[in-house]
Amino acid sequence: YTLLAKVADIGIGPQTLSQQRQQQARAKKIVELDRLLAASEGHGYDVRLMRIRDHDPLVYSKGDLLIGGKDIAETLINLPEEEEEIQ
C-alpha cells in the first residue's frame, strides 16, 4: 500500500512522462476508492467520488473530490453524473 500511495502521489519508475501520468492516475484512483470504501464500510458513510469541473492541474494538482456523510444517500444520488462533473 505504501508503494501504491507513493506512485499515486509522485509517480516512480523508468517510463515516459505520459506513462508515468497514466500509472499515477490509476494508483491515485485506487487509493481514493480505498478511502471511500473505508468511510463507507468502516463508518457507515454514504460516499461518492467526483471530479472538479474546469480543474486546472497546473493550479492545483488534485482534481478528485471525495464526498461523504451520514444519511446523505439521497443527496448523493441527486448530484450530477461524473461525466457532468461539479463546479
Side-chain angles (χ1 to χ4, degrees):
Y1 188 85
T2 302
L3 179 59
L4 181 65
K6 186 174 185 176
V7 171
D9 194 34
I10 60 170
I12 59 172
Q15 66 260 353
T16 67
L17 186 56
S18 65
Q19 289 172 326
Q20 180 179 342
R21 286 183 181 145
Q22 279 183 326
Q23 290 177 358
Q24 195 172 0
R26 279 190 207 122
K28 182 155 177 36
K29 185 72 75 174
I30 291 168
V31 169
E32 301 297 17
L33 291 173
D34 183 62
R35 289 177 178 160
L36 286 176
L37 285 174
S40 177
E41 295 173 353
H43 302 285
Y45 280 30
D46 298 320
V47 298
R48 182 146 177 210
L49 175 64
M50 300 185 76
R51 298 278 306 157
I52 299 171
R53 179 183 288 170
D54 300 325
H55 168 254
D56 183 352
L58 298 176
V59 175
Y60 183 68
S61 63
K62 299 175 181 10
D64 290 330
L65 182 63
L66 285 68
I67 303 172
K70 295 279 189 176
D71 303 318
I72 62 166
E74 189 171 330
T75 301
L76 294 176
I77 289 170
N78 292 322
L79 290 174
E81 292 300 316
E82 186 171 340
E83 297 81 39
E84 295 175 43
E85 302 180 334
I86 62 173
Q87 295 188 44

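Heavy-atom minimum distance, A39 versus V47: CB-CG1, 4.0 Å. The shortest non-hydrogen separation linking D46 to K70 is OD2-C, 4.3 Å.
Atoms CZ and CG, from R53 and L65 in turn, are 13.0 Å apart once rounded to the nearest 0.5 Å. Here R48 contributes atom CZ and T75 contributes atom OG1; the two are 11.0 Å apart, rounded to the nearest 0.5 Å. Between the NZ atom in K29 and the CG atom in L33 there is a gap of 6.5 Å [rounded to 0.5 Å].
For the pair R35 and E32, the salt-bridge criterion is met [side-chain N within less than 4.0 Å of a carboxylate O].
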### Query
When you look at I67 and L79, which way does the side-chain contact (heavy atoms from CB on, under 4.5 Å) test go after all the steps?
CA-CA 11 Å; I67 303 172; L79 290 174; 3.9 Å; yes

### Query
Under the side-chain contact (heavy atoms from CB on, under 4.5 Å) criterion, do D64 and M50 qualify, and how do the steps go?
CA-CA 6 Å; D64 290 330; M50 300 185 76; over 6 Å; no

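Panel note: side chain Q23, backbone Q20; no donor-acceptor pair is recorded below 3.5 Å.
Under the 4.5 Å side-chain contact rule for hydrophobic residues, Y45 and L66 share a cluster.
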